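For reference, the structure discussed in these notes is given below.
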Amino acid sequence: MSANKIGFPPVNEQMDLLRHGALEIISEEDLERKLTLSLKLGKPLIIKQGFDPSAPDLHLGHAVTIRKLAQFQSLGHRIIFLIGDFTGMVGDPSGRSKTRPRLTREEVLANAETYKSQVFKILNSKKTEIRFNSEWHASRDIYQFLDLAGRFTVARMLERDDFLIRYQKGEPISILEFLYPLMQAYDSVALQADVEMGGSDQKFNLLLGRKIQGEYSQDAQVAFLMPLLIGTDGKEKMSKSLNNYVGICDFPDDMYGKIMSIPDRLIVDYFTLATDLPVDGISVILNDIKSGQINPMQHKQRLAREVVQLYHSAEAAQSAEHHFVTRFRDHSVPDNIPEITVTPTPITGLIAVLDLMLQSGAVTSRGEGRRMIEAGAVWVDERHISDFRQEILLSSSIILKVGKRKICRIIPEA
RNA sequence: GGAGAGAUGCCCGAGCGGUCAAAGGGAGCAGACUGUAAAUCUGCCGGCUAAGGCCUACGGAGGUUCAAACCCUCCUCUCUCCA
């Protein structure tokens, strides 16, 4: 351990920790140099990552970079969590979707609060600075900005893969979208960032930050790229819109179940990017899976426990596992299912199955309910329902099961 | 500014006056099989209805027609080429 006043660990120790799970560090030499200098001066590095203000629903994919930020933080460096509120207030037209709604100042601030409540599950709230990029962009002279824009060419912008692909496909790209990377790059100038953290899809933007810092005579930041976490579908990167995500605020049971549904080949990636398991622990798992000695399910269960524990608690992880096993392996009814109160027809005490399903929220329309019954997916108290016109006597509480996932207890209202 | 092409369901994409709730694929949901997953097979995949049927939908607004996703007019948006 070094004896400097802030107590940074030695550079090689820091590097070893930071390298774990990283996809690319541009460049390692720069990072090492910066760490060495920081150690010498006892001055923490400034680590920045930008976030879109409109989607404050964080998932394990976001957590990959945020967890890396947390490592930097644990090493004593300064974390700046930058909210791109300026972007949000302008209205980003990215992608083929309609122009995103502009956010008002109030919405941005409300979203920021939501961010905080989530991100501080990972980062230390006392040591994290939250900044907004409107702080400098809103007041910035347009001439300065045009000057910046003038230093870049369209061809350089088209180096970026997704732009090029969209361009070649004949899809629209707005001028604004060309300007965003420049604004993001300027954020690094304004913050004098030493390191910018991002997913691999951010490579272009982070590299642009290096360039622009150079234009402003600053020491160029290190572009720290983490791999993109593949979603539970095993195909696309984890994202909310593809609904293949595990939210860091998901309930323990959901979190556990979602992780169990990932394809086996992602187990090691998830251990590496989403848990605190050290490198040697991970290589053991890798060997187990390769040799086929151990059912991958067991490692996946451990993975699911680790993740749940990270965002909830060890107890929650245990109970989530218990519920999962009862429900999916033993095909029986777990003990923590939701209870829903339903009112049957007064005198007869009967209720149509379809109404039951609709009122319990198991389906969103009677048509859907009918299809479920026709598909053979509905049980009431272990009794298979085959006729969608069937009525159920609701005198005491019953168990309604629609598919594997939707199980609830129906309580008759007196 | 000029010339052309296009906008279809969650996405891609066929349809080009009635047989269209709209082919096909993907995604999704359910069933079988499993380890929970993957792979595979099967079914479903706008709403209401017991059923016949009704309603809502093919960028927007009008129009022609017994009848329009399909024809006409205007508008909005996108792409390509020329300047």
Side-chain angles (χ1 to χ4, degrees), chain A residues 91 93-100 158 163-177 230-246 252-271 285 288-289 292-308 317 320-332 334 350 352-355 357-358 361-380 384-391 400-407:
Chain A
S94 288
R96 324 89 284 272
S97 54
K98 341 260 175 267
T99 305
R100 288 188 204 163
L158 287 177
F163 278 153
L164 187 61
I165 289 167
R166 279 165 64 193
Y167 186 67
Q168 285 171 343
K169 275 186 170 170
E171 283 169 10
I173 302 172
S174 79
I175 303 292
L176 199 55
E177 283 179 81
I230 302 292
T232 54
D233 60 358
K235 295 187 188 102
E236 309 279 348
K237 74 165 182 174
M238 185 175 282
S239 84
K240 199 182 171 189
S241 55
L242 290 172
N243 196 28
N244 62 357
Y245 71 102
V246 183
D253 285 10
D254 293 336
M255 210 177 240
Y256 190 96
K258 284 182 183 180
I259 289 176
M260 288 307 283
S261 79
I262 66 168
D264 291 351
R265 66 191 145 75
L266 293 182
I267 293 176
V268 170
D269 281 353
Y270 270 61
F271 267 117
I285 291 167
D288 280 353
I289 292 177
Q293 289 303 302
I294 292 188
N295 189 335
M297 177 184 66
Q298 296 187 13
H299 285 306
K300 215 194 278 186
Q301 286 188 306
R302 173 164 177 210
L303 173 68
R305 283 197 309 270
E306 295 276 350
V307 173
V308 174
E321 179 160 293
H322 174 68
H323 293 145
F324 184 86
V325 169
T326 16
R327 175 178 300 204
F328 292 105
R329 189 189 299 159
D330 305 342
H331 299 287
S332 50
L350 291 170
V353 210
L354 281 178
D355 290 326
M357 291 163 73
L358 200 57
V363 293
T364 53
S365 75
R366 313 181 108 246
E368 189 193 346
R370 213 152 67 184
R371 278 180 242 121
M372 285 296 179
I373 290 170
E374 277 162 5
V378 181
W379 284 264
V380 171
H384 194 242
I385 304 294
S386 51
D387 181 359
F388 60 83
R389 281 166 296 192
Q390 192 162 332
E391 299 200 317
L400 172 68
K401 206 169 145 198
V402 180
K404 286 196 192 80
R405 282 164 233 279
K406 290 169 186 160
I407 307 181

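This one's a predicted model, so the numbers in the text were calculated from it and none came from an experiment. Below, chain A is the first sequence line, B the second, and so on; all start at residue 1. Below, all heavy atoms of this structure are taken into account, side chains as well, without hydrogens, waters or symmetry copies.
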Check: A:F324 ring centre within less than 6.0 Å of A:F328 ring centre: yes
Sugar-phosphate only, base, or nothing, as touched by A:R327 at under 4.0 Å among non-hydrogen atoms: nothing
Test side-chain contact (heavy atoms from CB on, under 4.5 Å) applied to A:V378 and A:M357, A:Q390, A:H384, A:K406, the passing residue: A:M357
Inter-nucleotide P distance (B:A22, B:G47), Å rounded: 14 Å
A:S365 side chain near B:C48 phosphate (N/O to OP1/OP2, under 4.0 Å): yes
A:L354, A:D387, A:V402 screened by side-chain contact (heavy atoms from CB on, under 4.5 Å) with A:I373, the one that passes: A:L354
Spacing of the P atoms in B:A50 and B:A38 (rounded, Å): 36 Å
All side-chain hydrogen bond (donor to acceptor under 3.5 Å, both in side chains) counterparts of A:Y256, not counting sequence neighbours: A:E321
C1'-based separation of B:C79 from B:G46 [nearest Å]: 31 Å
Euclidean distance for C1', B:U49 against B:C55 (whole angstrom): 11 Å
Distance between C1' atoms of B:G59 and B:U8 (Å, rounded): 10 Å
Between B:C79 (P) and A:F163 (CZ): distance, integer Å: 14 Å
Same-atom distance (P) from B:G52 to B:A57, integer angstrom: 23 Å
Pairwise C1' distance, B:C72 and B:C16 [rounded to whole Å]: 14 Å
Contact pattern, 5' to 3', of nucleotides 37-45 of chain B - B, S or - by protein heavy atom under 4.0 Å: B------SS
Integer angstrom distance from the P of B:C45 to that of B:C33: 24 Å
